Novice: 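Provided herewith is a single structure, encoded as structure tokens, for subsequent inquiry.
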2 protein chains.
Amino acid sequence: MTIRDVARAAGVSTATASRALNESHLVAEDTRTVVRAAADRLHYSPHGAARSLITSRTHTIGVLLPDLYGEFFSEVIRGIDQRVQQVGYHCLLSSARRGGPPLEAALRSMRGRVDGLVLMSPEFTGDLSRRTLPAGFPVILLNSAPAELPHGSLIVANFEGARAMVLHLAALGHRRVAIIKGAEGNFDAAERLRGYRAGLGEAGLEPAPELEIAGDFGEAAGDAGARALLRLVDRPTAIFATNDGMAIGALFALRDAGLRVPEDIAIGGFDDIPMARYLEPALTSVHVDISALGERAAARVLSALERTADPDLSRETMPTTLVVRRSCGARRS
Amino acid sequence: MTIRDVARAAGVSTATASRALNESHLVAEDTRTVVRAAADRLHYSPHGAARSLITSRTHTIGVLLPDLYGEFFSEVIRGIDQRVQQVGYHCLLSSARRGGPPLEAALRSMRGRVDGLVLMSPEFTGDLSRRTLPAGFPVILLNSAPAELPHGSLIVANFEGARAMVLHLAALGHRRVAIIKGAEGNFDAAERLRGYRAGLGEAGLEPAPELEIAGDFGEAAGDAGARALLRLVDRPTAIFATNDGMAIGALFALRDAGLRVPEDIAIGGFDDIPMARYLEPALTSVHVDISALGERAAARVLSALERTADPDLSRETMPTTLVVRRSCGARRS
DNA sequence: TTGTAGGCGTTATCAA
DNA sequence: TTGATAACGCCTACAA
């Protein structure tokens with residue numbers, strides 16, 4: 001079932017059939033009607049690969065993420081899909097998990113299948129970029145370290161958000177504020193840690209190595225982290241979990257230890273996932289509009305597709321806002 | 001940067017270059033080495049669309065879901081991606097949300113871009129299938145109503161899971177068990193409702209229309225549903241929320257109303273999302289291995305790709321298991 | 001307004 | 001073992 005079949009059925013050449021089906025004005029209205037009818041009758045759909053080959057447009061953007069687990073990635077994808085769907089594009093999804101194919105292969109395999117790329121990976125380097133992507137290929141980096149990479153990028157205001165959280169906790173009178181850190185090598189994790197330390201400094205609090213607990217953004221790490229903190233001789237009075245998943249784990253651990261939140265110990269999270277307000281106690285968190293991050297990334301890739309020259313290599317920051325709920329112990333105003 | 005450039009650089013024909021790069025044994029080892037070197041030096045990657053055109057294989061499977069919001073879809077996608085990645089395939093993602101392009105267009109747009117399809121949509125009919133898909137095109141349906149559709153399908157044991165939940169609640173002594181239903185027109189929602197009613201019957205309990213509350217699988221619906229139930233003169237003593245998101249909303253509403261769970265009212269959910277065990281109280285739920293559902297769907301599409309004849313049109317059911325935690329008030333054994 | 005023909009980048013077929 | 005050459009399905013000059 002190709003356009004030749006349609007052309008034959010309609011009694012025209014393939015060129016005419018193509019024009020008729022592609023809204024070209026170089027076709028008589030009558031002819032178009034006949035061709036359309038034939039196409040409908042034969043249930044014709046154009047062959048994507050063939051079309052891509054000649055037009056060098058795939059109408060697809062690639063989405064390469066480090067993982068697909070959890071509400072964060074899910075929302076990023078949703079935002080991207082929402083945006084690209086508006087212009088009839090698709091998402092070609094790929095995760096670069098450890099154990100899967102290496103990043104380079106993943107990137108390579110996308111050539112000729114996507115028009116642009118939304119990429120989130122700590123491993124992506126300028127060298128790799130040069131090796132795997134054609135010069136000028138539209139790429140938007142998500143939450144990657146600032147570097148000399150020749151690509152636009154989008155990040156979350158991790159530093160500011162974390163700093164705001166710590167300052168808020170300090171303003172509530174907490175002197176010993178612990179942090180449960182994110183995954184090693186993760187850009188967001190590093191920035192949130194930096195914000196935490198900056199906040200401590202501004203509040204005149206002493207940083208303490210024993211209050212910085214390793215984590216990986218999973219619920220179990222929050223649980224374990226909180227338990228570790230409870231074993232300290234000089235316990236913290238507040239815990240900043242650097243994402244909500246870990247905050248949930250921490251809440252669980254504290255409850256299990258018979259401690260009340262926020263009376264005995266305060267907790268704050270990061271991301272403000274939809275569930276945060278439904279927790280008990282409702283979770284104070286740093287709000288991030290994750291799907292908007294995805295939408296914006298997609299929008300920038302799409303706009304790079306429009307104009308060929310003048311690539312937009314800017315670094316853009318998605319703002320964060322502190323959402324105060326009961327878990328930090330702030331009085332209702 | 002095409003294979004012709006590589007061939008030229010290596011001093012061979014494109015045919016030889018192609019063979020060298022594709023592990024064909026019709027190539028001298030020396031030649032292969034030379035070609036590989038040239039390809040590396042030139043950073044050559046094959047063009048997916050061109051390759052697809054001639055091989056009629058895209059190494060991609062399409063994933064069409066009704067929405068991308070929430071942990072359910074996220075896990076399905078993760079499972080699919082995990083499976084297809086093992087054989088070097090990609091996922092082409094698309095959501096058929098209301099407001100977006102109609103399902104038919106979405107399906108059409110995938111022709112020539114995917115080798116098979118994992119499809120979840122209440123709107124998909126046999127007629128549409130015939131109109132949009134080539135005969136014998138590999139499709140696995142997810143959670144769709146049983147029908148005369150010429151495709152294999154995968155469903156969750158909704159009925160059995162819901163029934164088990166209700167029987168469990170009844171065994172705990174509850175006589176008035178309410179349900180917060182899922183989205184209208186949703187297959188899972190209908191099946192869970194059916195299981196609920198069957199469970200009531202088996203337990204010798206009277207069904208009551210006022211105990212069947214409308215919902216849509218969102219947290220807010222659980223909240224609203226629970227509030228509605230609390231307004232009843234003859235309150236239920238247990239609420240079965242047909243997914244965990246709504247159970248979370250219901251927990252929130254009950255707490256807000258000053259009721260204790262499970263002492264004043266028991267709650268059960270469905271799906272057993274990772275977060276369920278971290279809630280307060282920990283949520284009794286019907287466990288579903290969602291990512292396994294995705295993996296299995298992908299596996300079936302892939303295996304359909306292998307053998308051309310003998311399509312597997314079977315209907316497969318993913319089992320569910322009741323996970324008892326504190327929210328239903330069962331004694332620890 | 002229509003048709004012919006060339007080419008997008010690749011692999012498959014056939015000779016050499 | 002290699003090289004010409006013909007597809008794959010489509011779009012788009014160019015010619016009519």
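To find a chain, count down the sequence lines: A is the first, B the second, and so on, and within it residues start at 1. These numbers come from a predicted model, not from an experiment.
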Novice: For the helix from C/dT1-D/dA16 to C/dA16-D/dT1, how many degrees between its two end axes (five pairs per end), to the nearest 10°?
Specialist: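 One end's axis against the other's: 40°.
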Novice: When you measure from every atom of DNA chain D, which of residues 8-16 of chain A have a heavy atom less than 4.0 Å away?
Specialist: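 Within residues 8-16 of chain A, the residues near DNA chain D are A/Ala15.
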Novice: Show the nearest heavy-atom pair for residues B/Ala297 and B/Leu142, with the distance to one decimal.
Specialist: CB-CD1, 3.7 Å
Novice: Where the side chain of B/Ser24 meets the backbone of B/Ala20, is there a donor-acceptor pair that is under 3.5 Å apart?
Specialist: no
Novice: Do you know which two heavy atoms are closest between A/Asp289 and A/Met318, and how far apart they sit?
Specialist: O-CE, 4.3 Å
Novice: Only counting residues at least two apart or in another chain, list the ones meeting salt bridge (charged side-chain N to carboxylate O under 4.0 Å, His left out) with A/Arg97.
Specialist: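 Salt bridge (charged side-chain N to carboxylate O under 4.0 Å, His left out) check on A/Arg97 returns B/Asp81.
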Novice: When you list every nucleotide of DNA chain C with an atom under 4.0 Å from a heavy atom of chain A, which one comes first 5' to 3', and which comes last?
Specialist: C/dT1 to C/dT10
Novice: Tell me, please, which residues at least two apart from B/Glu191 pass salt bridge (charged side-chain N to carboxylate O under 4.0 Å, His left out).
Specialist: B/Arg194
Novice: Taking any heavy-atom pair under 4.0 Å as a contact, classify A/Thr2: base, sugar-phosphate, or nothing.
Specialist: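 Answer is sugar-phosphate: A/Thr2 comes under 4.0 Å of backbone atoms only.
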Novice: Output yes when a side-chain donor or acceptor of A/Asn158 lies under 3.5 Å from a complementary backbone atom of A/Val156, and no otherwise.
Specialist: yes
Novice: Under 3.5 Å, sequence neighbours excluded: what are the donor-acceptor pairs made by side chains of residues 124-134 of chain A?
Specialist:
residue  : atom : partner  : partner atom : Å
A/Thr125 : OG1  : A/Leu128 : N            : 3.1
A/Asp127 : OD2  : A/Arg131 : NH1          : 2.6
A/Ser129 : OG   : A/His151 : NE2          : 2.8
A/Arg130 : NH2  : A/Gly126 : O            : 3.3
A/Arg131 : NH2  : A/Glu104 : OE1          : 2.7
A/Thr132 : OG1  : A/Leu128 : O            : 2.8

Novice: Provide the start and end nucleotides, 5' to 3', of the part of DNA chain D that has atoms under 4.0 Å from heavy atoms of chain A.
Specialist: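 Contact boundaries, 5' end first: D/dG9 to D/dA13.
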Novice: Could you list the residues that satisfy side-chain hydrogen bond (donor to acceptor under 3.5 Å, both in side chains) with A/Glu316, not counting sequence neighbours?
Specialist: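 In terms of side-chain hydrogen bond (donor to acceptor under 3.5 Å, both in side chains), with neighbours along the sequence ignored, A/Glu316 is linked to A/Arg296, A/Arg300.
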Novice: Strictly by salt bridge (charged side-chain N to carboxylate O under 4.0 Å, His left out), give each pair with a member in residues 35-49 of chain A just once, sequence neighbours left out.
Specialist: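 Sorted result for residues 35-49 of chain A: A/Glu23-A/Arg36.
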Novice: Sorted by first residue and then second, give each salt bridge (charged side-chain N to carboxylate O under 4.0 Å, His left out) pair with at least one member in residues 60-75 of chain A; sequence neighbours left out.
Specialist: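 Listed by first then second residue: A/Glu75-A/Arg78.
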Novice: Assess whether side-chain hydrogen bond (donor to acceptor under 3.5 Å, both in side chains) is satisfied between B/Arg113 and B/Thr58, documenting all intermediate values.
Specialist: CA-CA 6 Å; B/Arg113 321 178 71 77; B/Thr58 62; over 6 Å; no
Novice: Nearest 0.5 Å, please: how far is OG1 in B/Thr14 from CD1 in B/Ile3?
Specialist: 6.5 Å
Novice: Test A/Leu117 against every option in A/Leu107, A/Val63, A/Leu141, A/Leu92 by the side-chain contact (heavy atoms from CB on, under 4.5 Å) rule and name the one that passes.
Specialist: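 Among A/Leu107, A/Val63, A/Leu141, A/Leu92, the one that satisfies the side-chain contact (heavy atoms from CB on, under 4.5 Å) with A/Leu117 is A/Leu107.
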Novice: Quick check on contacts: within residues 24-43 of chain A, what sits under 4.0 Å from DNA chain C by heavy-atom distance?
Specialist: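 Residues of residues 24-43 of chain A under 4.0 Å from DNA chain C: A/Leu26, A/Val27, A/Ala28, A/Thr31.
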Novice: As a test of understanding, state which of A/Leu305, A/Asp115, A/Ile61, A/Leu302 forms a side-chain contact (heavy atoms from CB on, under 4.5 Å) with A/Pro138.
Specialist: A/Leu305
Novice: What are the two closest non-hydrogen atoms of A/Ile80 and A/Cys91, and how far apart are they?
Specialist: CG2-SG, 3.6 Å
Novice: A/Phe187 and A/Ile155: which non-hydrogen atoms are nearest, and at how many Å?
Specialist: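 Smallest interatomic distance, heavy atoms only, reads CE2-CG2, 3.8 Å.
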Novice: So if I take residues 46-61 of chain A and measure heavy-atom distances to DNA chain C, which residues fall below 4.0 Å?
Specialist: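 Going residue by residue through residues 46-61 of chain A, the ones with a heavy atom under 4.0 Å of DNA chain C turn out to be A/Leu53, A/Ile54.
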